[in-house]
Every structure is written in structure tokens, then in C-alpha cells.
Amino acid sequence: MDQKQKILLIAAGALCGLIVLFLAFRLVVAIGAANESSAELKRAERTIAANGAERPYPSKENRDTREQDAKAAAAVADQARALLTHGLPIPQGETVSQFADRLVKGVHALNERQQTPAAQLLAAAQQQQQAQSYSFESYVAQGNLPKDKDLPRLARQFAVIEHACNLLLDNGAVSIVEVTRDRFDGAAVQEEEPRSTRRSRRSRRDDEEQQPAAPVGAPVDPILAKDGVTRESYAIRFNAPYDTVVKTLNTLATEPLFVVVTDLSVTRKTPVSARVDELVTKRQAARQAAARRAASSRDPDAQQRAAEIAAKPLFEGASPAERVVTDPEHAIPLDVLLRFDVYSAAPAEAPAAPAPEKEGN
């Protein structure tokens with residue numbers, strides 16, 4: 001074999017070796033890819049099998065639970081709406097004059113309930129006047145008549161104020177000092193106008209009847225407003241012992257009327273420190289007077305009695321009214337400001353009567 005043939009043979013062998021190595025490399029890569037694909041396929045099969053074995057959501061049990069929850073929520077909502085419909089009894093079909101007469105009688109009855117010695121003594125000591133018209137000055141003190149369009153809302157407001165004041169007095173309140181309500185009828189503006197600038201009652205009533213009715217109550221949450229819920233705000237300032245406040249709040253929380261207490265301020269007219277100093281000074285003066293009487297006595301045991309008086313505790317034998325910490329029955333009345341809102345459902349509007357059909361010719 002000549003030299004040229006050897007070179008060709010070596011070159012052909014090298015080329016064949018390279019081809020074999022390349023094919024071997026491709027085989028190894030293909031085997032790795034196949035193994036990876038097989039593993040991924042097995043993972044997918046396991047995932048599909050696991051998903052197929054799980055219970056579907058929502059299942060029948062899930063749907064039943066959700067339906068029961070929806071029924072329970074609807075029942076609670078219906079109960080809440082029913083609570084908002086519990087109002088106070090108001091005479092129906094009243095005229096303006098009948099309501100004004102009932103308003104004056106109700107205010108006088110509230111004032112008569114406060115004509116007690118305790119209320120008069122407290123008013124004289126604190127130099128404050130009791131509520132006389134209960135935020136209805138224009139109709140009680142001045143004798144004005146309300147407008148027809150304001151009559152339903154005024155009747156509801158007076159029913160709430162009368163109910164709350166009677167509840168306070170029933171629970172032991174000494175006096176009602178001030179009452180405020182949502183002013184919507186322009187009564188406060190009319191009271192401030194000078195008499196010389198007022199027009200005749202008839203012309204003023206004609207102009208007022210042409211004005212649109214004022215919105216009912218303070219703004220409420222949009223969710224409640226969709227259901228036609230209204231809110232009226234009130235504030236009552238009164239003098240009463242602590243147990244009256246507790247009884248009144250407990251009653252408001254349990255009665256059918258939907259009341260939300262927004263603020264409760266309790267203050268004392270006389271600070272506790274001043275009250276303590278007053279009682280201590282009074283008891284010390286009484287003890288010194290008793291000791292002087294015992295010392296000036298001709299009784300041979302007077303010195304011993306004087307020593308016994310000096311050794312006694314300062315408040316031993318004191319009456320309930322003379323104690324620093326006393327019981328509610330003898331305690332000095334508190335000055336209380338109670339603010340609350342009354343929520344109610346808007347009255348349902350009666351369906352409009354169908355228009356009469358025109359007869360043909």
C-alpha cells in the first residue's frame with residue numbers, strides 16, 4: 001500500500017470516528033430529553049389524577065351552606081327592618097289646632113311633674129331655669145300654629161321628647177333643664193325676627209306653603225338610606241342622681257324604639273374636693289362646739305366626755321347627707337347631657353290611584 005492510500009485511509013477513519021462521536025453525543029442528549037419528558041409526563045399524570053380525586057368546589061354541601069347563610073342574613077335584615085318600624089303611638093288624623101292643643105297640654109303636664117321641693121331647691125341653689133317649652137317655643141309660648149306639611153314630623157318629635165322626659169322623671173330625675181331637637185320648621189328664625197318686621201300671618205303662611213318640605217332628619221348611611229331609614233337627633237340636659245342615668249340607659253337599650261345614644265356627659269356642680277372641705281369644716285366646727293359644751297359643764301365627768309368626743313372619728317355617726325361618699329338616694333344630683341338619635345323607617349307611600357278613563361263620545 002502506497003503512502004497516498006495510507007493517508008486516505010487515515011482521513012476516512014478519522015472522519016468516521018468524528019461521525020460516531022457526534023452521533024453518540026446526540027444519542028446521549030436525546031436520552032436525557034426523553035427521560036425528562038417522561039418524568040414531566042408522569043408528574044402531569046399524577047397532578048391530573050390528584051385533581052380528579054378531589055371533591056369539586058362548590059360542592060352540594062357548600063351550596064347548601066351558602067344558601068343557609070343567605071337565608072339567615074335575610075332573616076336578620078328583616079328583623080332589623082322590623083325594629084325600625086316600632087314607633088311611638090301618635091294620634092292619627094289630628095288637625096293643626098288639635099295637635100297644638102295636645103302639645104300645650106303635654107308640655108304643661110311635664111312641667112307639673114317637676115314642681116317638687118327637690119327641684120325647686122336645686123333650681124334656687126344652682127340658679128338655673130327648668131325647660132318650659134321643650135324646644136317647641138313657637139307653638140307653646142307664642143301660640144303659633146304649625147304648618148300642615150310639618151305636622152307629621154312635629155308629632156313624631158314631640159312623641160319622642162315626651163317619652164324620653166317621662167322616662168327620666170319616672171326613673172328619679174329631679175328636673176329637665178334643656179331639650180333640643182332637629183329644627184326643620186323655621187321656629188327659631190321666626191322667634192328672632194323683630195315684631196315690627198313680620199308680615200301678616202296669612203301672607204307668611206301662603207309663602208311657606210309654597211316652599212318645598214324640609215328633608216327628614218339628619219343624613220344617614222347610604223346603605224340605610226336605600227331602605228328609606230331616617231334619623232332624628234335629640235339632646236336632653238337634666239339633673240338626676242347616678243342611678244337615674246343607669247336605669248334610663250338600660251331602658252333605652254331594651255325598649256322597641258330604635259335609639260342610639262351618641263354622647264353622655266356627666267358633671268357635678270360642686271367639685272368633690274370642695275364638697276370634702278365643706279363637710280370636714282362643718283364636722284370639725286360641730287366637734288369643737290360639743291367639746292366646749294362638755295368642758296363648760298359642771299358635771300365631774302365633763303373632761304372625760306370631751307376627751308371621748310375628740311377621740312372619735314370625724315365622720316362617726318354622720319347622717320347620709322353629711323357623708324363624703326353617700327348613697328344615690330341622698331347624693332347631690334348630677335348635671336347630665338344626653339344626646340341620642342332615633343332611627344325609623346320611612347312611611348310607605350300609598351299607591352297612586354289610577355286615572356279615570358275617559359268615556360267615548
Side-chain angles (χ1 to χ4, degrees), residues 80 82-90 103 105-123 125-126 128-136 140 154-183 217-218 220 229-270 272 320-321 325-344:
L83 291 176
L84 295 174
T85 60
H86 290 296
L88 297 172
I90 299 175
L103 175 63
K105 291 181 180 178
V107 167
H108 288 171
L110 289 174
N111 289 332
E112 288 178 359
R113 291 196 62 183
Q114 301 172 62
Q115 300 303 318
T116 61
Q120 295 175 0
L121 181 62
L122 183 64
Q126 299 181 355
Q128 65 182 11
Q129 297 292 331
Q130 298 177 358
Q132 299 295 326
S133 300
Y134 300 85
S135 193
F136 294 97
V140 177
L154 282 173
R156 291 195 298 270
Q157 288 186 339
F158 176 65
V160 172
I161 291 175
E162 185 181 29
H163 172 71
C165 291
N166 280 321
L167 180 61
L168 289 170
L169 295 174
D170 291 341
N171 289 330
V174 179
S175 61
I176 308 295
V177 179
E178 184 181 4
V179 178
T180 59
R181 61 181 174 89
D182 284 336
R183 297 272 187 169
V220 297
V229 178
T230 60
R231 173 167 66 96
E232 294 279 3
S233 299
Y234 304 89
I236 301 179
R237 182 184 171 198
F238 58 94
N239 294 318
Y242 175 75
D243 59 340
T244 297
V245 180
V246 175
K247 292 178 182 178
T248 302
L249 292 179
N250 290 337
T251 304
L252 291 177
T254 56
E255 66 180 4
L257 191 65
F258 202 102
V259 177
V260 177
V261 176
T262 58
D263 184 37
L264 179 65
S265 302
V266 180
T267 58
R268 289 182 180 272
K269 288 296 183 180
T270 303
V272 176
V325 180
T326 182
D327 55 357
E329 184 178 354
H330 298 88
I332 298 177
L334 304 172
D335 186 6
V336 185
L337 177 60
L338 174 65
R339 299 181 185 274
F340 60 95
D341 295 337
V342 176
Y343 289 79
S344 60

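Just so you know, these numbers come straight off a predicted model, no measurement behind them.
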[X] vs [Y] side-chain heavy atoms within contact, under 4.5 Å:
X: Asn166; Y: Arg113; value: yes
X: Val179; Y: Phe136; value: no
X: Phe158; Y: Ile90; value: no
X: Leu103; Y: Glu162; value: no
X: Leu264; Y: Leu337; value: no
X: Leu338; Y: Leu249; value: yes
X: Tyr234; Y: Val259; value: no

Polar side-chain atom of Asn239 near backbone of Ser175 as donor-acceptor pair, under 3.5 Å: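 The answer is no, because no donor-acceptor pair under 3.5 Å joins these two groups.
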Polar side-chain atom of Arg181 near backbone of Gln157 as donor-acceptor pair, under 3.5 Å: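 Not a single qualifying donor-acceptor pair exists.
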Give me the atom names and distance for the closest heavy-atom approach of [X] to [Y].
X: Gly172; Y: Pro241; value: O-CD, 3.5 Å
X: Asn111; Y: Tyr134; value: OD1-OH, 3.0 Å
X: Glu178; Y: Thr180; value: OE2-CG2, 4.0 Å
X: Ser135; Y: Arg183; value: OG-NH2, 3.4 Å
X: Ala240; Y: Ala173; value: CB-CA, 3.6 Å
X: Phe340; Y: Thr262; value: N-OG1, 3.8 Å

Spatial distance of atom [atom1] ([X]) from atom [atom2] ([Y]) [nearest 0.5 Å]:
X: Ile176; Y: Ile161; atom1: CD1; atom2: CD1; value: 11.0 Å
X: Leu169; Y: Phe238; atom1: CG; atom2: CZ; value: 10.0 Å
X: Leu110; Y: Ser133; atom1: CG; atom2: OG; value: 11.5 Å
X: Arg237; Y: Arg339; atom1: CZ; atom2: CZ; value: 11.0 Å
X: Leu84; Y: Thr230; atom1: CG; atom2: OG1; value: 9.0 Å
X: Arg231; Y: Asp182; atom1: CZ; atom2: CG; value: 8.0 Å

Thr116: partners by side chain to side chain donor-acceptor pair (under 3.5 Å), with sequence neighbours left out: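 For Thr116, no residue satisfies side chain to side chain donor-acceptor pair (under 3.5 Å) once neighbours in sequence are set aside.
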Any side-chain donor near an acceptor of the partner, Asn171 and Thr248, under 3.5 Å: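 On atom types as modelled, these side chains qualify, holding a pair under 3.5 Å.
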side-chain contact (heavy atoms from CB on, under 4.5 Å) between Thr244 and Leu334, worked out: CA-CA 10 Å; Thr244 297; Leu334 304 172; over 6 Å; no
